[in-house]
Amino acid sequence: MRAHRTSRPVQSVERARSQHMSEHENHERSTVSVIGLGQMGTRLAQAFLAAGYVTTVWNRTVAKADALVAQGAVRATTVEEAVAASPLIVVCLPDYKTVGDLLEPVAERLRGRALANLTSGTPEEAVRIADWAARHGADYLDGAAMSGTRLVGRPEGLFVFSGSPEAFTTHRTVLASLGNSVHLGADPALSPVYDTALFGLAWGALAGFYHAVALVGAAGVDPAAFAAVATGHMPFVTSLMADHARQIEDGRFPDDDGTVEVHAAAMEHLLHTSRVRGIGTDVPELIGNLLDRAAATGHGSSGIASVIETITKGERND
Ligand SMILES: NC(=O)c1ccc[n+]([C@@H]2O[C@H](COP(=O)([O-])OP(=O)(O)OC[C@H]3O[C@@H](n4cnc5c(N)ncnc54)[C@H](OP(=O)(O)O)[C@@H]3O)[C@@H](O)[C@H]2O)c1
């Protein structure tokens, strides 16, 4: 009886110790947890695994974790288990509401950990969740994957983060396994601002590309043949970005790369050729309008970077 009485507390202490140990060991063993294994979350987890980090994964639809588990990931059966497993928690879900709904019940588990949220959202949402995380003792990084899923895990895949500098410094090496991971500053809103700005930049370039493909296509040129020449032209375009950024900072727009009037005339040629070839004129019209408005506000003989003033002031034709 005595042995029985004493054995019970001993067993429960041992069980408690072993539970604590397994949680502790799990915490020690797992470097990063990924919550949300959709197209992007799966690629993030694969990149962490490929870099050799012990990676814990959780997804609502359990089967989506199977392939990752086969590649060596640790399966968490609950969100709480995923959060408890690692010092760095990466979430990648459709929207911030889903992130909030999933993490609110396990908020206290986040204390002392870093939460990196790679869900797309608005600056206001980023600030709200950063405040929420701070109230629960967690460091917060808002992040955005800028290169789709195809470059995840490669050095040229851009990831932007903003928020806790300490969290970024602590987990810099792990986050670097995703690609070119850049910390933009302590303000959590910066990441979604860059996200949308870079999205607009990529679309501006792609809209120009699609228009160009249509134009040369009307002249019988294959898209791939054109793309080979066009990609060779891009270093010139990116060099303009660096130079023009300096001009914008200085507020001086030398005409080294042509004046607004010269470019407006060239845009007229593009418009004319597009009409003659029977293709859409939306893209050159958009840019032509911008150049015309810059000229109308006195920038006709300024360098083309002066269009920034038209855009910044929000001046419109209508
Ligand atoms: N895919 C890209 O190329 C890309 C690029 C840049 C940024 N992003 C951003 O990354 C985020 C995720 O995108 P994605 O392409 O990975 O989306 P996705 O393939 O549609 O995956 C969505 C994920 O969210 C989970 N989910 C949805 N509703 C949920 C809920 N109520 N509770 C729990 N889990 C839920 C899904 O779980 P189930 O498997 O159970 O449905 C799935 O794991 C988005 O914010 C997106 O804008 C994506």
Side-chain angles (χ1 to χ4, degrees), residues 32-50 55-71 73-85 88-107 109-110 115-130 132-133 140-163 175 177-182 184 188-206:
V32 56
S33 294
V34 180
I35 293 175
L37 303 172
Q39 282 188 14
M40 181 53 76
T42 297
R43 297 289 294 116
L44 302 176
Q46 281 169 346
F48 293 131
L49 285 170
T55 305
T56 299
V57 293
W58 181 87
N59 194 60
R60 178 181 64 178
T61 305
V62 175
K64 279 198 193 161
D66 291 352
L68 287 164
V69 171
Q71 290 164 43
V74 180
R75 189 194 305 272
T77 53
T78 61
V79 173
E80 185 173 17
E81 206 177 295
V83 170
L88 173 63
I89 317 302
V90 172
V91 290
C92 191
L93 293 160
D95 49 47
Y96 281 54
K97 183 183 178 317
T98 309
V99 174
D101 290 349
L102 274 189
L103 293 184
E104 183 64 55
V106 298
R109 279 294 198 174
L110 282 165
L115 173 64
N117 183 14
L118 280 157
T119 303
S120 304
T122 66
E124 295 75 24
E125 286 175 315
V127 170
R128 255 198 311 277
I129 196 168
W132 174 86
Y140 181 76
L141 284 170
D142 206 276
M146 295 315 313
S147 314
T149 51
R150 64 165 87 185
L151 294 184
V152 178
R154 291 172 49 172
E156 63 271 34
L158 176 63
F159 283 80
V160 293
F161 291 94
S162 68
L175 295 172
S177 56
L178 297 177
N180 175 20
S181 289
V182 178
L184 304 168
L190 278 173
S191 162
V193 169
Y194 266 69
D195 185 12
T196 45
L198 291 170
F199 178 73
L201 170 64
W203 255 105
L206 285 173

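Values below: all heavy atoms of this structure, side chains included; hydrogens, waters and symmetry mates excluded. Counting starts at 1 for both ligands and their atoms, following the listed order.
Ring orientation note: the planes of F161 and F159 are close to parallel, at an angle under 30° on the 30°/60° scale.
The side-chain heavy atoms of L68 and Q46, taken from C-beta on, include a pair separated by under 4.5 Å. Between L115 and L103, some side-chain heavy-atom pair lies under the 4.5 Å cut-off. Residues F48 and V57 are not in side-chain contact: their nearest non-hydrogen atoms beyond the backbone lie 4.5 Å or more apart. Side-chain contact between L178 and V90 is absent, with no heavy-atom pair separated by less than 4.5 Å.
For ligand 1, the atoms sitting less than 4.0 Å from at least one non-hydrogen atom of T149 are 1 (N), 2 (C), 3 (O), numbered in the order shown with element in parentheses. Shown in contact with T119 at under 4.0 Å from a heavy atom are these atoms of ligand 1, numbered in order with element: 45 (O). Under a 4.0 Å criterion applied to the non-hydrogen atoms of G36, ligand 1 contributes the atoms 43 (O).
Side chains of D95 and T98: a donor-acceptor N/O pair is present below 3.5 angstrom, by distance only.
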(message) With side chain to side chain contact (heavy atoms under 4.5 Å, CB included) as the criterion, how do V99 and W132 come out once you've worked through the C-alpha distance, each side chain's angles and the decisive distance to 0.1 Å?
(response) CA-CA 12 Å; V99 174; W132 174 86; over 6 Å; no
(request) Under the side chain to side chain contact (heavy atoms under 4.5 Å, CB included) rule, what do D142 and E125 come out as? Steps first, then yes or no, please. (result) CA-CA 10 Å; D142 206 276; E125 286 175 315; over 6 Å; no
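Below 3.5 Å of separation, one finds no N or O of G148 facing any N or O of ligand 1.
Atom OH of Y96 has more than 12 heavy atoms from other residues, nucleotides or ligands within 6.0 Å.
Protein heavy atom closest to atom 7 (C) of ligand 1, with residue, atom name and distance, is S120 OG, 3.8 Å. In terms of protein heavy atoms, atom 6 (C) of ligand 1 is closest to A145 O, 3.4 Å. Protein heavy atom closest to atom 10 (O) of ligand 1, with residue, atom name and distance, is C92 SG, 3.4 Å. The shortest contact between atom 37 (O) of ligand 1 and any protein heavy atom is with N59 OD1, 3.6 Å. Of all protein heavy atoms, the one closest to atom 27 (C) of ligand 1 is P94 CG, 3.3 Å. Here the heavy atom of the protein found nearest to atom 25 (C) of ligand 1 is L93 CD2, 3.7 Å.
Contacts between T61 and ligand 1 below 4.0 angstrom, taking non-hydrogen atoms only, involve backbone and side chain alike. Contacts with ligand 1 closer than 4.0 Å are made by side-chain heavy atoms of L102 only, the backbone lying farther away.
Atom 39 (O) of ligand 1 has its nearest heavy-atom neighbour, among R43, K64, Q39, in K64. Nearest-residue assignment for atom 28 (N) of ligand 1 (options R60, R150, K97, M40; heavy-atom criterion): R60.
Annotation for L93 and G36: closest pair CD2-CA, 3.9 Å, computed over non-hydrogen atoms.
Atom 20 (O) of ligand 1 lies below 4.0 Å from none of the non-hydrogen atoms of the protein.
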